Every structure is written in structure tokens, then in C-alpha cells.
Protein chains: 2
Amino acid sequence: MTEPSVEELRMLLAVQARGSLTAAAEELGVTQQAVSQRMRALERRLGLALFARAARGTTLTAHGRLVADWAQGVVDQLDALSAAAASLRADRQAQLRVAASMTIAEHLMPVWMVSTGAHAIDARVQLTAVNSAGAIDAVRIGQVELGFIETPDVPRRLASRTIAVDEVVIVVAPGHPWAKRRRLPLATLARTPLVMREAGSGTRATVEAALARADLSLAPPAADVSTTAAIRALVLSGGGAAAISALAARDDLATGRLRRVHVDAPPFERPLTAIWDGERVLAEPARDFLAVAQRMGLGSGTGTAP
Amino acid sequence: MTEPSVEELRMLLAVQARGSLTAAAEELGVTQQAVSQRMRALERRLGLALFARAARGTTLTAHGRLVADWAQGVVDQLDALSAAAASLRADRQAQLRVAASMTIAEHLMPVWMVSTGAHAIDARVQLTAVNSAGAIDAVRIGQVELGFIETPDVPRRLASRTIAVDEVVIVVAPGHPWAKRRRLPLATLARTPLVMREAGSGTRATVEAALARADLSLAPPAADVSTTAAIRALVLSGGGAAAISALAARDDLATGRLRRVHVDAPPFERPLTAIWDGERVLAEPARDFLAVAQRMGLGSGTGTAP
DNA sequence: GGCGATCCACAAGCAAAGGTTGTGGGAGGT
DNA sequence: ACCTCCCACAACCTTTGCTTGTGGATCGCC
């Protein structure tokens, strides 16, 4: 059975919003017949009666409303991808250039971009994904107006504001022995090789700093990997425990693919900080964007607002 | 500019996982040329260089990895939709029939379905979405083996187990005056008409019960609406404040479309409870499914584990 | 340095999915 | 009973995406 396409999901949502196939067709800029055809095909594919068709219009059945709500999640994700990808594209003269560390670019920028789009901040944002050091440099040389870093050391000469506090969490596959433990001693963690991102990424530094505060040092990592997908694959295939950003783990924890291990120690926290050139006045688009970032922080999920 | 299709995103993920266009093509059951063509089209559409093509294979650029991680979110959502929709389809003799209240069916079943799929519980689940009373009846008459309800009254004769605690939250649009307030007095809430789901849905009962404990009663609702989309539309268009499940609000809070208002009172909580016929022994698939539900609870996001 | 293997890209042909125009039928409101 | 609005059926057509066939580049190995 083939899966529903995003166009079909968008059509479904349009029908729900407008209350008839004809109105939905108008909204989407196609003919009524096209909508009728496609929605019928969607029902056939899913094997569900989604629509209650009547002379006054078409409403959704209970099943239809369920599917529509799930569809909303899909299109929201896709819209976030589109918005974020657009901000990565450099072929357009942007009114605001931003350099963000990987974690922030990956997990927060999509949300921020959708938000700026929705609230019509009059700025086209151009995003560059770098590491924290790169973001600092980019701000220093004036290549970007705004930077976002995930290391605690706030460089001199640059103005900064902490946006949120990220947490590095320990995750394992559901079958892993640690998955059942309520609290893992810090010493046990210290002597266990972990899967984590490459050295530069700040994740390791955060864990090492936390261990150092308890006079412990970190075992050599089990693996240095450079992509979230690789970490996921490793951990899921029984590759042991991984230390990753709570932001990166969030979806996998929500869907049960990964389990969080609570370590018997203070949280491994690190600030997410916005930086800019303190000797210049921040332009309008930058100020607006900073406000959005500050307001939304990590979103509702994990972590702690400042 | 047209948006990327899910097929393209799946292809991108396959290339990332396998390390070459050729290998990805094999995995997807198409020719290498098809992948090459489509990925080139994807790059053109997004205006980004996603791939580093070499004689040894193709890896993703930094941009490519970012887009791939975002793409993972999209396909995960779509897979959840597919799995949940499959469980709604009744045309297949299911080994486990479940009746769930709307909130649970809408927000938790997709996650649970994906999880049972992944962990290969050998049960095809057939889901019926009803209200809490309907779920109780369905279990009583033996129409389903397992029910999930969101009301505190645990009926006699039925065995039950609390899966998680859901919370009803008050949300407003970002521009609403309440959005800025740190704590809203309960009395203010009580005399403000709220947007909420229709009477049967349990949401109103939960709020009313909480107010009753403070000797307050609820103002007549501003509107009774039956779909999440309608609530969202109302609130966003300045329609005031809404009372909805934290599960339903979660994504909108995360993306900043809605803002939560913290009420100066204990949380409006209600248990999410699994029920089954206490006089029968629970069959294997039902026990397994119950274990999944119990283990995952609300996922990582909102609410409190039992 | 030549040779084979591997991987990716270009080009032409083809099948299918999706959209359009044209038309018919049913249910409400007047 | 009529008009209006909305949805479905049918034939045609355009576009999209896949296939087969082929060429060119890079790496590893003798």
C-alpha cells in the first residue's frame, strides 16, 4: 500500500478548513473535480471514510478529523523544513545574516523561521551553519549580524544574551540494561565509553566539565560520529549509550525509540547564547529575530528557560 | 517554488544511510539514474548543495545533514500517520481491538502504533475512536479487549491501570494580553468565557472540577468546537483563550503558535486510564500493547508520568 | 602507467499520475 | 416546481518520473 502524499494531506486540511470540496479547490487553485478525485483516492488508499458528503458541503467524519490532525503534524514539519532550508540558501540578498552552531541550526532555527514567517518580521534570514568558534569568527569579522553559540565562554568585545539552557542527556536503546535503571551513578557513567559527536561539537566538553566537577574523568568515547542518524543507528543496534543534546534526543524520546538514562548528578547543562558585535547598534531585523529567539527559547519541550 | 516531496526526502535519507546514490537506489528498488536525477532536482529546488559526490560514493554536505535531519522529522510524522490510520481501518481481522477516547486516539496512538510496529509485537491493532463512555461500553460488551479513557471515574467490574496523567492547559495567541502574564488568578479564568471542545469530551469537566474545588464556577464557554483545527483558528484569530489537553497543545506551544497561560492554581489534571474486562484474563497481544502504552506514557513532552 | 571496477551524469523513450473541460445527478431553500 | 449549490463520472491531455543505454571521471591495483 502506497502512502498518502503531502499534497493529499494539504487538500484534506483545506477541505476541513473550508467545509467543502469546491471551496478547498478554490483555495488550492485547482478545479473541484481534481479535489474530488484525489480525496476519493486518499480514502481508498487509507481504507477509511474520511468525508461526510452532503448537498450543503463536505465535513470530516471522526476518522477524518483524526487523520487531519495527524496530517497537520506532517505539514507543519515540512513547512519548518522548507522555511529553514530557505534560510540556508545564500543566493538571495538577505536582510539579516545569522551564523548558528549545528545544534541550534538543526533544532531551533526551523521553529524560529516558521515563527518569523508567521509573524511577518520583514527580514529574509540567511543562515550559516557552523560550529561555535565559527559563529564567533563570523560575528567578529562582520560576516553576520547575529551568531548563536552553545559554549559557555562568552568572547570579549561581543555582546551576548543567553537564549536558553540546553542539556546534554544520556540515551540508550529500550533494550539496554540502563533503560530500566532509575538513577545511574555518575562514576558508572564516567567509566563507560559513550557514543558522541566529534570533539569540536561542545557535547563532550559539557560532559567532561560535569565529570570534572566530581573529580572524575571521561572514558575514551566508544565512537566519534558526525551525524545524528549515525548516532541513532549505533545506539539502536545495541551500540551502548550516547551523550547528545536534549534537543536532538527529543523526538526519539517522545516516540520511544530511545530511552533517557537519569544520571545521579546535576544536569549537564550549557547555555545557548546569542552574540553580536557590541560596538555596533543592532539593526531592526536582528533585534526582531533576537526577540523571537528569546521568546521561544527551546519551545515547550525539554530544558529550562533562562 | 514547489516544496520537496516525501519521496525525495526518503531518498535523501537513504543516500545518507548507505553512502552512495547507487546503494540508495538499490535499497529503494529503483535505478541509480532515478536517484541521481531526483536528488539533483531536489538540490535545484532547495537551492542548496546537499551532496558531496565522489568516485568512492556520495556523502552529505553540512547542509545536506541538516536537511536530512529535518527530513527525518517529516517522515517520522508521516509514518506515524500511516501506522495510526492503518489501525483505524477495520477491514482486516485484528488480533487486538482497542477503543480509545479521542484525545488518546489522536495524540498517543500514533506513537504507540509506530512503537509496536518497530518492536514487532505480533498483533495487528484495530483502533476505534470514541469518547470515554463509548470506550467503557465497548469493553463491557466485549467488542474490544482494551479501552483507554480520560475520565477519573473507573467503572466497576472493569480492571484498570493508569497510564499517565494528562493536563488541561489554558492557551492564547501570542498577541493576547494573557500571553505576557506570569500567573493568572483562578477567579479571572473562571469569569472568562473559554473556547473548548464540546461538553462530552471531558475537558470541560476537568476544568469545572478544578474550579469547584476553589468554590468557583465556570463561565459559559465562548464556543463549543469539535475539531482541534477550529480551536486553533479561533484562538489565533484573537478568539480569546482556550482550554485544551496539553497533548493537543504540545506542538503549537513548541512552535510558538500558541502561548500557555499559567493559572495560579494546582494543574488541571486527569488520569489517562487503560481498562479491560477484569473477569477475563488479558491475552498476549493486549498485555504487550498495554506494556508499550505504560512504558511510553505521554512520551517525553508534557505531563507527568504516574 | 595502463586496466578494471565503481560511481555518477546525460539523453531519449515510455508509462502513469494528476489535472482540465464537459456534463449529469441529487439535496435544500424559495 | 424551480433554481442553486455541490459533488461525481468520463474523456482527453500534460507533466512527472522511471527505465534503458551510454559516456566520463576517479580510485586502487598490479
Side-chain angles (χ1 to χ4, degrees), chain A residues 1-61 63-64 67-68 71 74-75 78 82, chain B residues 1-61 63-65 67-68 71 75 78 82:
Chain A
M1 189 202 56
T2 95
E3 77 186 355
S5 80
V6 175
E7 287 75 28
E8 285 165 337
L9 299 183
R10 285 208 137 93
M11 230 174 231
L12 172 65
L13 291 170
V15 172
Q16 179 178 41
R18 305 296 300 272
S20 87
L21 301 191
T22 306
E26 186 196 13
E27 175 175 325
L28 299 175
V30 295
T31 60
Q32 164 264 316
Q33 290 89 329
V35 176
S36 174
Q37 226 169 244
R38 218 129 148 56
M39 290 300 94
R40 187 158 284 280
L42 177 63
E43 284 182 300
R44 226 180 107 266
R45 250 201 293 250
L46 292 178
L48 297 173
L50 303 176
F51 303 100
R53 296 166 177 83
R56 305 286 303 150
T58 295
T59 59
L60 300 192
T61 63
H63 283 177
V67 174
V74 176
V75 308
L78 188 56
S82 294
Chain B
M1 186 203 54
T2 100
E3 76 186 354
S5 78
V6 174
E7 287 74 32
E8 284 164 338
L9 299 183
R10 286 209 137 93
M11 231 174 229
L12 171 67
L13 291 170
V15 172
Q16 178 179 39
R18 305 295 301 272
S20 90
L21 301 191
T22 306
E26 186 195 14
E27 174 175 325
L28 299 176
V30 295
T31 60
Q32 165 265 317
Q33 289 89 329
V35 175
S36 173
Q37 226 170 247
R38 220 131 146 57
M39 291 299 94
R40 187 159 282 280
L42 177 63
E43 283 182 301
R44 226 179 108 267
R45 250 200 293 246
L46 291 179
L48 297 174
L50 304 176
F51 303 100
R53 297 167 175 80
R56 305 287 301 151
T58 295
T59 58
L60 299 193
T61 63
H63 283 178
R65 287 197 294 273
V67 174
V75 309
L78 189 56
S82 294

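If you're wondering where the values come from, they're calculated on a predicted model, not measured in any experiment. All chains are named by letter (A, B, ...) in the order of the sequence lines, taking the proteins before the strands, and each is independently numbered beginning at 1.
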Practice task
Check DNA chain C against residues 16-23 of chain A and give the residues with a non-hydrogen atom under 4.0 Å, in numerical order.
Solution key: none
Practice task
Can you pull out how bent the helix from C:dG1-D:dC30 to C:dT30-D:dA1 is, comparing the axes over its first five and last five pairs, to 10°?
Solution key: 30°
Exercise for the section: Could you tell me which non-hydrogen atom of B:Ala23 sits nearest to which non-hydrogen atom of B:Arg18, and how far apart they are? Expected result: CB-CB, 3.6 Å
Practice task
Grab the two heavy atoms, one from B:Ala71 and one from B:Leu12, that are nearest each other, plus how far apart they are.
Solution key: CB-CD2, 4.5 Å
Problem - Boundaries of the DNA chain C segment in contact with chain B, non-hydrogen, under 4.0 Å - result: C:dC7 to C:dC10
Problem - A:Glu26 side, atom CD; A:Ser20 side, atom OG - distance, nearest 0.5 Å - result: 8.5 Å
Fill in the blank from the handout: All heavy atoms of A:Leu13 vs all of A:Ala68, minimum pair found to be CD2-O, 3.3 Å
Practice task
Measure the spacing between CG of B:Leu50 and CE of B:Met39 and express it to the nearest 0.5 Å.
Solution key: 8.5 Å
Exercise for the section: Classify every nucleotide of nucleotides 23-30 of chain D by which part a protein heavy atom approaches to under 4.0 Å, writing B for the base, S for the sugar-phosphate alone and - for neither, in 5'-to-3' order. Expected result: ---BS---
Exercise for the section: With sequence neighbours excluded, tell me which residues meet side-chain contact (heavy atoms from CB on, under 4.5 Å) with B:Gln33. Expected result: B:Thr31
Exercise for the section: Hey, could you give me the CD/CG distance between A:Glu7 and A:Leu42, rounded to the nearest 0.5 Å? Expected result: 12.0 Å
Completion exercise
Closest heavy-atom pair, A:Leu21 versus A:Ser36, reported as atoms and distance to 0.1 Å, is CD1-CA, 3.9 Å
Practice task
Report yes if the side chains of B:Val6 and A:Val74 come closer than 4.5 Å at any heavy-atom pair, otherwise no.
Solution key: no
Problem - Minimum heavy-atom distance A:Ala49-A:His63, with the two atoms named - result: O-CB, 3.9 Å
Practice task
Can you check each nucleotide of nucleotides 9-21 of chain D against protein heavy atoms at under 4.0 Å and return B for base, S for sugar-phosphate only, - for none, in 5' to 3' order?
Solution key: B-------SBBBB
Practice task
Check whether any side-chain N or O of A:Gln32 sits under 3.5 Å from a backbone N or O of A:Ala25 as a donor-acceptor pair, and report yes or no.
Solution key: no
Problem - Taking every non-hydrogen atom, the tightest pair across B:Pro4 and A:Ser82 - result: CD-OG, 4.1 Å
Completion exercise
Value for CD (B:Glu3) from CZ (A:Arg10), rounded to nearest 0.5 Å, stands at 4.0 Å
Problem - Backbone of A:Leu60 reached by a side-chain donor or acceptor of A:Gln16 within 3.5 Å - result: no
Practice task
First locate atom CD of B:Glu43, then atom OG1 of B:Thr61, and finally report the distance between them rounded to the nearest 0.5 Å.
Solution key: 7.5 Å
